[in-house]
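Below is one structure; the comments refer to it alone.
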2 protein chains.
Amino acid sequence: MRTNLKRVAEHLGISVSTVSRVVNGKDRVSPETRAAVLAALESLNYQPNEIARSLKAQTSKAIGIIVPDITNTFFASVIKGVESTTRKNNYSAVICNSDGDAKREEEYLKLLLKKQITALVIATVSEDVSIFKTYKDFGIPVVFIDNLPKMKTKFDFVTIDNVEASYRLTKHIISLGHKSIAAISGPVSESTGSERLQGFKKAMQESGLEIKPEYFRQGSFQLETGYGIAKKMFQQQESPTALFVANNMQAYGALHALRECGLRVPEDVALVCFDAVDKTGLMVPEMTTMVQPAEKIGELAGEIISRKLSKTDLQIYENIILEAELKIGDSCGCKTNQR
Amino acid sequence: MRTNLKRVAEHLGISVSTVSRVVNGKDRVSPETRAAVLAALESLNYQPNEIARSLKAQTSKAIGIIVPDITNTFFASVIKGVESTTRKNNYSAVICNSDGDAKREEEYLKLLLKKQITALVIATVSEDVSIFKTYKDFGIPVVFIDNLPKMKTKFDFVTIDNVEASYRLTKHIISLGHKSIAAISGPVSESTGSERLQGFKKAMQESGLEIKPEYFRQGSFQLETGYGIAKKMFQQQESPTALFVANNMQAYGALHALRECGLRVPEDVALVCFDAVDKTGLMVPEMTTMVQPAEKIGELAGEIISRKLSKTDLQIYENIILEAELKIGDSCGCKTNQR
DNA sequence: TTGAAAGCGCTAACAT
DNA sequence: ATGTTAGCGCTTTCAA
C-alpha cells in the first residue's frame with residue numbers, strides 16, 4: 001500500500017499541511033514536529049506522488065525526446081546527452097521512436113502533449129508543423145535537433161550547417177581527383193536530406209562537375225535503402241569512382257552493395273558519408289565521414305531547455321549551429337593513394 | 001492557453017461530466033449533444049490532461065526502463081523492443097541510463113517510483129534489492145532483463161541461460177584445440193558477470209584445462225576496461241592462444257589492445273565474447289559471439305507487463321529463458337584454420 | 001507554529 | 001440524457 005500525506009498526518013495526529021511542509025523542507029514547523037514527521041516519513045516509507053505534484057504545479061518534470069531510431073548510434077548519443085543534463089534537475093526523459101515515420105511522430109507529439117511534458121527535444125521527419133504551434137500555445141519549449149522543421153516562425157534548435165558540411169565533404173572527394181561522383185541522398189522532405197544534397201550540388205557545380213541522373217538517387221535514411229540504391233547503381237557497366245552518401249545507415253548498406261558488386265572501397269570507389277562514427281573502432285574501412293557532435297548536441301538542447309524554463313520570456317530563441325568535424329578515415333582513399 | 005473540460009463545458013453551457021463522457025466515447029449522451037461537444041473539442045483544440053487522469057486512475061501509463069548504457073546496441077535494441085510493444089497501449093517509455101552505477105540506478109528507481117510508473121523493465125547492476133520490495137508492495141510489476149537481482153523471492157524476468165551460453169561458447173574455443181585460454185570477466189556482482197564466469201570455468205574444468213591466474217581478470221563491462229586488462233595481460237612474453245570476453249564492449253577494447261601488442265585475431269589469439277552484434281556488418285573481424293535476442297527480450301518484457309497489468313494476481317511470475325545464439329564469425333578462427 | 005480548505009483536471013457514482 | 005459532487009494527493013493561502 002502506498003503511503004500518502006494524509007496517512008502520515010493521521011498516523012501522527014497532525015495536519016496534512018504540516019507534513020507537506022516538512023516534506024518540502026519549508027520553515028514554520030517546530031523542530032520537534034519536524035523530527036517526528038521525518039521519522040514517520042521514514043518508517044512509513046513515504047514517497048511523494050509526483051503525479052499529484054505535477055497536477056498541482058501544472059507541469060510534469062518530464063522531457064520528451066522523439067527520434068527516428070534509438071538504435072542509430074547518433075541518436076542514442078544525442079539522447080544520452082539530453083538525459084545527462086536534464087537528470088540533474090530531476091527531470092525524466094520520455095523517449096519515443098518515430099521510426100522515421102511522420103504519422104508515428106505525430107502520434108507521439110499528441111501523446112506527449114497530453115502527458116504534460118515540460119519540454120521537447122525532437123529530430124522531426126514531418127513536413128506538417130501545425131502541432132508545434134500547439135506546443136508554443138501551451139508554453140512548452142521545443143528544441144529541434146538534426147532535422148529542422150519547415151516553419152516560418154522562429155524556433156530553438158541545435159544543429160550543424162548541413163549545407164556547409166556537405167559542401168566540405170564533397171569538396172574533399174573532389175580534391176582527391178574524382179570526376180565521376182555518384183550520390184545517395186536522404187529524403188528531401190527532411191532538412192538534413194535537402195541541405196546535404198544542396199551542399200553536394202553546390203560543390204559539384206563549383207568544380208564544374210556533372211551530376212549524372214543515373215548516378216543520383218534519393219531514399220530513406222536506412223541501411224536497406226542504401227543497399228538497394230547502391231546495388232542498382234553499381235551493377236551498371238561503368239561505375240562512378242566515388243560515392244557520396246547522406247547518412248550513416250545508408251552508407252553501411254551501400255558498402256555492402258559495393259562489395260557484392262565486386263568493388264573495393266576505396267580502391268575502386270571512394271566513399272564518404274555523414275555520422276558514421278564507430279565507437280568500437282573496428283569497422284573496416286574506417287569511414288571518412290562528416291560528424292555531428294551528437295552528445296554535445298543533446299547536452300546543449302538540455303541546457304536550452306533549462307534556460308527557457310527559468311526564463312519568463314519564452315519568445316527568445318536560441319539557434320546553435322555547431323561545427324561538424326570531417327573525420328578522415330580509409331573509405332575515401334586519401335590516406336593511401338594521392339591521385 | 002490549455003483548454004480543459006470545464007472550459008469546454010462552459011463554452012457549450014453544459015456540464016463537465018457530459019463533455020467527459022463524449023471525450024471517453026461513453027454512451028448516455030444524445031447524438032445532438034455529442035456532435036456539438038465534438039465540434040467544440042475540435043475548435044478549442046482540447047487535449048485531455050493525462051496527469052489528471054493518472055492521478056484519478058492511480059496509474060500513469062508510463063513504463064520505466066533502466067539500463068546501464070543506452071548507446072550499447074544491445075540495450076538500445078531491448079528498449080526498442082519494449083517500446084514497440086507498449087506503445088500500442090498508449091504507454092510511454094521513460095528511459096534511464098544508470099551508467100552501470102548502482103547509486104545512479106537507485107536514484108532512478110526512487111524517481112520512477114515517485115513518478116508513479118505503471119511498470120518497470122530493468123537491467124540491474126545493484127546488489128541491493130530492497131527497493132524492489134517497495135515496488136512489489138506498491139503493486140508495480142518489475143521485469144528483469146539481462147542481469148538478474150540477488151533476490152530470494154520470486155520475480156519476473158526475461159533472459160538467457162548465461163551459464164549454459166558461456167559454457168557453450170567456451171566449449172567452442174576448446175573444440176578448436178586451444179589449451180591456453182585467458183578470460184576477461186565482468187563484475188561478479190552482476191549476475192551476467194558471475195554466470196558467464198561460471199560457465200567458462202565449468203567448460204574449462206570439464207576439459208581438464210587450467211585457468212592460470214595471470215590469464216584471468218575481472219572488470220567493468222566497458223570498452224576501456226577490456227582494453228586495459230588485455231593490454232596488461234598480453235604484454236607478457238608468453239600469450240594465451242585464446243581469449244574469452246564476457247561482453248561486447250570489453251571485447252572491442254580487448255581487440256584494440258591485442259592489435260597494439262602486435263597480435264592478430266584469430267591467427268595469434270582467438271577471441272569470443274557476448275552480444276557483439278554488428279548491425280552494420282562492417283566490423284572486422286566479424287565476431288564469434290553468443291547473442292542474446294535483444295529486441296525479442298524487450299518485446300517479451302513488454303508482453304509480460306501487459307499480462308500482469310490485466311491480471312488481478314500479480315503474484316504469478318513469468319520466467320522466460322530464451323535461447324542464446326552462437327554466431328560464428330571470424331574472430332575465433334574456426335572458419336579458417338581447423339586445428 | 002499549526003490547521004482548514006480550496007483547487008489543479010479528471011472520472012464516476014449517484015441523483016435528477 | 002444530463003448534472004452534481006466527491007475525491008485522487010498535493011501545495012498553498014488564509015485563518016487561528
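The sequence lines fix the lettering, A, B, ..., with proteins before strands; numbering per chain opens at 1.
- At whole-Å resolution of the value, NZ in A:K61 and C1' in D:dC10 are 15 Å apart.
- The separation between B:R2 atom CZ and C:dC8 atom C1' is 13 Å, rounded to whole Å.
- Along DNA chain D, the nucleotide nearest B:Q58 and the nucleotide nearest B:S15 are compared for position; the residue whose nucleotide lies closer to the 5' end is B:S15.
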The test is side chain to side chain contact (heavy atoms under 4.5 Å, CB included); show your working for A:V143 and A:V158 and say whether it passes.
CA-CA 7 Å; A:V143 180; A:V158 184; 4.1 Å; yes
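- Look at NZ on A:K115: it is 18 Å from P on C:dG9, rounded to the nearest Å.
- Salt-bridge annotation for B:E10 and B:R7: absent, with no side-chain N of the basic residue lying under 4.0 Å from a carboxylate O of the acidic one.
- Residues B:L113 and A:R2 share a closest heavy-atom pair of O-NH2, 2.7 Å.
- Distance, A:N4 CG to D:dT11 P: 12 Å, rounded to whole Å.
- Between the CD1 atom of A:I51 and the C1' atom of C:dG9 there is a distance of 13 Å, given to the nearest Å.
- When the nearest nucleotides of DNA chain D are assigned to A:L5 and B:V16 by heavy-atom distance, the more 5′-ward of the two goes with B:V16.
- The residue B:I14 sits close only to the backbone: its heavy atoms come under 4.0 Å of sugar-phosphate atoms, none of a base.
- Across B:K61 and B:N89, no two heavy atoms sit closer than the pair NZ-O, 3.0 Å.
- Nucleic acid contact for A:S54: none, since no nucleic acid atom lies under 4.0 Å from a heavy atom of the residue.
- Side-chain contact of A:S130 with A:D128: a donor-acceptor pair under 3.5 Å is present, judged by distance alone.
- Contacts with DNA chain D (heavy atom under 4.0 Å) in residues 40-50 of chain A: A:Y46, A:P48, A:N49, listed by number.
- The only member of A:K308, A:R307, A:K136 that meets salt bridge (Lys or Arg N to Asp or Glu O under 4.0 Å) when paired with A:D156 is A:K308.
- For C:dC8, the OP1/OP2 oxygens have no side-chain nitrogen or oxygen of A:Q116 closer than 4.0 Å.
- In plain terms, the two heavy atoms of A:A62 and A:Y91 that are nearest each other are N-CD2, 3.8 Å.
- OP1 or OP2 of C:dT2 has at least one side-chain nitrogen or oxygen of A:T33 nearer than 4.0 Å.
- Counting to the nearest Å, the P atom of C:dT11 and the CG atom of A:L55 are 12 Å from each other.
- Applying the 4.0 Å criterion to OP1 and OP2 of C:dA5, one finds that A:S17 has every side-chain N and O outside that range.
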Decide ring pair (Phe, Tyr, Trp, His ring centres under 6.0 Å) for B:F155 and B:F144; before the verdict, give the C-alpha distance in whole Å, the side-chain angles of both, and the deciding distance to 0.1 Å.
CA-CA 8 Å; B:F155 53 88; B:F144 293 91; 5.2 Å; yes
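- For the OP1/OP2 pair of D:dT12 and a distance below 4.0 Å, the side-chain nitrogens and oxygens of A:K26 include at least one atom meeting the criterion.
- Nearest to the side chain of B:K56, among D:dG7, D:dA1, C:dA6, sits D:dG7.
- Counting to the nearest Å, the P atom of D:dA1 and the CZ atom of B:R34 are 10 Å from each other.
- Put simply, CG on B:L12 is 18 Å from P on D:dA1, counting in whole angstrom units.
- Note on A:T18: every side-chain N or O is 4.0 Å or more away from OP1 and OP2 of C:dT2.
- Among the protein residues, A:N24 comes within range of the sugar-phosphate backbone only, with heavy atoms under 4.0 Å from sugar or phosphate atoms but none that close to a base.
- Among the protein residues, B:R53 comes within range of the sugar-phosphate backbone only, with heavy atoms under 4.0 Å from sugar or phosphate atoms but none that close to a base.
- With hydrogens and angles left out, the side chain of B:R21 and the base of D:dG3 share a donor-acceptor pair within 3.5 Å.
- Phosphate proximity of D:dC10 to A:S20: absent, as no side-chain N or O sits under 4.0 Å from OP1 or OP2.
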